[in-house]
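Okay, structure first, notes after.
A quick note: this is a predicted structure, and the numbers were derived from the prediction, not measured. All residue numbers in this chain count up from 1 along the given sequence.
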Amino acid sequence: MVAMLYLTNLIRLLTTTYTLMLMVRIVSSWIPSLAHHTAIRFVAYCTDPYLNFFRRIIPPIGGMLDLSPLLGFFALQLIQRSLLSLLER
């Protein structure tokens, strides 16, 4: 029972951390001068493969409006809820 609680908390921690990383990536894309900062490069390294998957599904509209983060957030929440519901069984 305690192991399930730890696993549940770990899943929540990981998805929350990745969600925050996605938010940092989105905001940093609006500020080009941050692109060379080490922390931002790390965040881009971790999040871009995930976002690129969704960019293949919905390419940026007009080359400017990228909706892939919306799909990314939705999918991440769906994965979290699915995993947590499997653990509750």
Side-chain angles (χ1 to χ4, degrees):
M1 188 68 167
V2 173
M4 295 299 268
L5 181 61
Y6 285 132
L7 190 55
T8 300
N9 287 336
L10 178 64
I11 290 169
R12 286 188 177 134
L13 175 68
L14 291 175
T15 55
T16 300
T17 302
Y18 203 72
T19 299
L20 291 173
M21 289 176 75
L22 287 171
M23 288 180 189
V24 168
R25 179 67 178 123
I26 293 165
V27 171
S28 71
S29 71
W30 299 336
I31 307 168
S33 63
L34 292 178
H36 301 292
H37 194 277
T38 305
I40 299 302
R41 285 191 312 208
F42 174 75
V43 168
Y45 177 80
C46 292
T47 59
D48 280 355
Y50 179 71
L51 292 175
N52 287 340
F53 173 78
F54 297 106
R55 285 182 185 126
R56 285 190 296 258
I57 297 170
I58 299 181
I61 299 171
M64 296 291 292
L65 182 61
D66 187 8
L67 298 178
S68 62
L70 292 176
L71 284 176
F73 285 128
F74 177 74
L76 193 58
Q77 288 302 309
L78 184 65
I79 291 167
Q80 178 190 21
R81 290 180 186 194
S82 298
L83 289 173
L84 292 177
S85 70
L86 286 174
L87 289 174
E88 289 177 357
R89 292 183 182 183

What residues, two or more places apart in sequence or in another chain, satisfy side-chain contact (heavy atoms from CB on, under 4.5 Å) together with Leu13?
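Counting only residues at least two positions away or on another chain, Leu13 forms a side-chain contact (heavy atoms from CB on, under 4.5 Å) with Thr17.
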Not counting sequence neighbours, which residues clear side-chain contact (heavy atoms from CB on, under 4.5 Å) with Ile61? List them please.
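side-chain contact (heavy atoms from CB on, under 4.5 Å) list for Ile61, sorted by chain: Leu65, Leu67.
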Group every Ile, Leu, Val, Met, Phe, Trp and Tyr by side-chain heavy-atom contacts under 4.5 Å, then state whether [X] and [Y] land in the same group.
X: Val24; Y: Tyr45; answer: no
X: Tyr18; Y: Leu84; answer: no
X: Tyr50; Y: Met23; answer: yes
X: Leu14; Y: Leu51; answer: no

Nearest 0.5 angstrom please: Ile26 CD1 to Ser68 OG, how far?
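OG of Ser68 is found 8.0 Å from CD1 of Ile26.
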Would you give the length of the straight line joining atom OH of Tyr6 to atom CD1 of Ile11, rounded to the nearest 0.5 angstrom?
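Here the interatomic distance stands at 15.5 Å.
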For residues 69-82, tabulate all N or O donor-acceptor pairs below 3.5 Å that involve a side-chain atom, not counting sequence neighbours.
| from | atom 1 | to | atom 2 | distance (Å) |
| --- | --- | --- | --- | --- |
| Gln80 | NE2 | Thr15 | OG1 | 3.3 |
| Ser82 | OG | Leu78 | O | 2.8 |

Step by step, work out the side chain to side chain contact (heavy atoms under 4.5 Å, CB included) result for Leu5 and Asn9.
CA-CA 6 Å; Leu5 181 61; Asn9 287 336; 4.0 Å; yes
Pairing residues for Asp48 by the side-chain hydrogen bond (donor to acceptor under 3.5 Å, both in side chains) criterion, not counting sequence neighbours
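Result, side-chain hydrogen bond (donor to acceptor under 3.5 Å, both in side chains) vs Asp48: Arg25.
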Quick test of your reading: applying salt bridge (Lys or Arg N to Asp or Glu O under 4.0 Å), list the pairs with at least one residue in residues 3-20, sequence neighbours left out, ordered by first then second residue.
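Every candidate salt bridge (Lys or Arg N to Asp or Glu O under 4.0 Å) pair involving residues 3-20 fails, so no pair, neighbours aside, qualifies.
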Which atom pairs, one a donor and one an acceptor, fall under 3.5 Å between side chains of residues 33-41 and the rest of the protein, sequence neighbours left out?
| from | atom 1 | to | atom 2 | distance (Å) |
| --- | --- | --- | --- | --- |
| His37 | ND1 | Ala39 | N | 3.2 |

Over all heavy atoms of both residues, which pair between Pro49 and Ala44 is shortest? Give the atoms and the distance, please.
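Scanning both residues completely, I find the closest heavy atoms to be CD-O, 4.1 Å.
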